[in-house]
J.: 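Got a structure for you, questions after.
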2 protein chains.
Amino acid sequence: MSRWPSDGRERLRQAALELFAEQGFAATTVPEITARAGLTTRTFFRHFPDKRAVLFVDEDEISEMVARLMAEAPAAVEPMALIRDGLRVLAETRFEGRRPELRARRALVATDAGLQERDLRKRAAMAEAIRTGFLTRGIDASRAALLGEVCATVLSLSIEEWLDSDDPRTLDHVVQATFDTLRAELG
Amino acid sequence: MSRWPSDGRERLRQAALELFAEQGFAATTVPEITARAGLTTRTFFRHFPDKRAVLFVDEDEISEMVARLMAEAPAAVEPMALIRDGLRVLAETRFEGRRPELRARRALVATDAGLQERDLRKRAAMAEAIRTGFLTRGIDASRAALLGEVCATVLSLSIEEWLDSDDPRTLDHVVQATFDTLRAELG
DNA sequence: GTCTATATCGCGATAGAC
DNA sequence: GTCTATCGCGATATAGAC
């Protein structure tokens, strides 16, 4: 057995989420978090690059998932079809069924400017992953960048609408509706 | 008369930009900046909310400009026409002729994650200003949000392309070309 | 203007897993 | 032995309170 209870990272995450919920993000200090987790301040920064990172542990996972989905799709699949299918998979595996949890997280992020900026970086990372995926598939640079940004935009707006409402539409339905609205707007 | 040469804010900004260029953003401390400007650390934070803000002094101005342009346009102007004209004005008054300066700024922002996040917030602020403008003009909420985001996306991608190349196209031309590409992509 | 809290990170030591 | 997680101490910068 280890001298220290294992999985310190997860204990730190749990403690941090509890404290953020109890007293807010800004009012919670790293020493408070580590005290609750039974660790030291220094240890916190070995696991997380900064205090905000606790709320964005899955940031990289989405980009990796996007990269994998795009790499695995047959070369013949057209860009917009790939986007449609990819967003459906993303919606079903990472969003559907988590509405309450995601709402709570959104409310917390809304309380702090630093968290909002970090959230924007997450969106940018997704756009970048899509751009890279299309470049790898042989799409030219400006088309790839445009597809990445539009895809990230449509997804984030759709998530907002989906979280705002209580109607039983799935996120994927909202995404398709957003694309339709966009087409109508530009056309 | 003041005991100190006036316009401390501008001296701070100059000193900061020099030091950022000489040694990088992260390696430059606020005490260093204020020492060069002949002021105290406290004075720096009276003028700027944080170290990054030095590079984003015009952040609010663009949002205000967007709000004004949208409020002044006749009610009969269609959304996409308003966007087209608004982006043209923005491109001509705030970007055209500043390519070298904007390139240097972009290179600096690229060196620091914190600066990139702040840059993303600037983009988000613009999208939000456009969204609010359309809401005021009576457009429904989801259309307004979509128009704001798409507009911000097209502008930022166009700026990137315009800064990347040395060709003599104006930013406004690149913006229109980006809209055309987007239409083709979705259609 | 001064003072202070807090975030962040570098370094060397230590404990246990393998 | 090596590798990794942790500790304890301390330094510095940012940022805000007073």
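A note on names: the letters A, B, ... follow the listed sequences, proteins ahead of strands, and every chain is numbered from 1. Atoms considered below: every heavy atom in the structure, side chains included; atoms not considered: hydrogens, waters and symmetry mates.
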J.: Rounding to a whole Å, what distance do you find between Phe45(B):CZ and dC18(D):C1'?
T.: 17 Å

J.: Hey, are Asp119(B) and Arg106(B) close enough for a salt bridge, meaning a charged N less than 4.0 Å from a carboxylate O?
T.: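 Salt bridge between Asp119(B) and Arg106(B), a charged N being under 4.0 Å from a carboxylate O: no.
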
J.: Nearest whole Å is fine: how far is dC9(D) P from Leu39(A) CG?
T.: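 For the pair Leu39(A) CG and dC9(D) P, the rounded distance is 16 Å.
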
J.: Taking the side chain of Arg46(A) as its heavy atoms from C-beta onward, which of dG8(D), dT14(D), dC9(C) lies nearest to it?
T.: dG8(D)

J.: If I take atom CG in residue Leu19(B) and atom P in nucleotide dA13(D), what distance separates them, rounded to the nearest angstrom?
T.: 13 Å

J.: Can you confirm if the NZ or CZ of Arg105(A) lies within 45° of the ring axis of Phe56(A) and under 6.0 Å from the centre of its six-membered ring?
T.: yes

J.: Give Thr28(A) one of three labels, base, sugar-phosphate or nothing, depending on what nucleic acid heavy atoms sit under 4.0 Å from its own.
T.: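 The residue Thr28(A) makes sugar-phosphate contact but no base contact.
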
J.: Can you give me the closest heavy-atom contact between Lys51(A) and Ile33(A), atom names plus distance?
T.: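 Minimum heavy-atom separation between Lys51(A) and Ile33(A): CG-CD1, 4.5 Å.
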
J.: Would you kindly give the CZ-to-C1' distance between Phe44(B) and dG1(C), to the nearest whole Å?
T.: 17 Å

J.: What is the separation between atom CD on Glu32(B) and atom C1' on dA13(D), rounded to the nearest whole Å?
T.: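 Roughly 11 Å, once rounded to whole Å.
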
J.: Applying a strict under-4.5 Å side-chain criterion to I, L, V, M, F, W and Y, I'd like to know whether Leu108(B) and Leu12(B) cluster together.
T.: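 Same cluster: Leu108(B) reaches Leu12(B) through Ile, Leu, Val, Met, Phe, Trp or Tyr contacts under 4.5 Å.
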
J.: Between dA15(D), dT8(C), dG1(C), which nucleotide gets closest to the side-chain atoms of Thr41(A)?
T.: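 The answer is dT8(C), which lies nearest to the side chain.
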
J.: Using whole Å, report how far CZ of Phe48(A) lies from P of dT6(C).
T.: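 So the CZ-P distance, Phe48(A) to dT6(C), works out to 20 Å.
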
J.: Could you check whether Gly38(A) gets within reach of a base, just the sugar-phosphate, or nothing at all, counting any heavy atom under 4.0 Å?
T.: sugar-phosphate

J.: Does a nitrogen or oxygen in the side chain of His47(A) sit under 4.0 Å from OP1 or OP2 of dA5(D)?
T.: no

J.: For the pair Ser158(A) (side chain) and Val154(A) (backbone), establish whether a donor and an acceptor sit closer than 3.5 Å, ignoring hydrogens and angles.
T.: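 The answer is yes, because a donor-acceptor pair under 3.5 Å joins these two groups.
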
J.: Pull out every protein N or O sitting under 3.5 Å from an N or O of nucleotides 3-5 of chain C, one pair per line with the distance.
T.:
none

J.: Send over the distance from Arg52(A) CZ to dT6(C) C1', rounded to a whole Å.
T.: 15 Å

J.: Are Asp172(A) and Arg84(A) ion-paired here, with the side-chain N under 4.0 Å from a carboxylate O?
T.: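 Result for this pair is no, no salt bridge flagged.
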
J.: Is the distance from OP1 or OP2 of dT6(D) to the nearest side-chain N or O of Thr43(A) less than 4.0 Å?
T.: no

J.: Which of these, Met126(A), Arg123(A), Lys122(A), sits in a side-chain contact (heavy atoms from CB on, under 4.5 Å) with Ser156(A)?
T.: Arg123(A)

J.: Would you mind reading off the distance between Leu12(B) atom CG and dT14(D) atom P, rounded to a whole angstrom?
T.: 13 Å

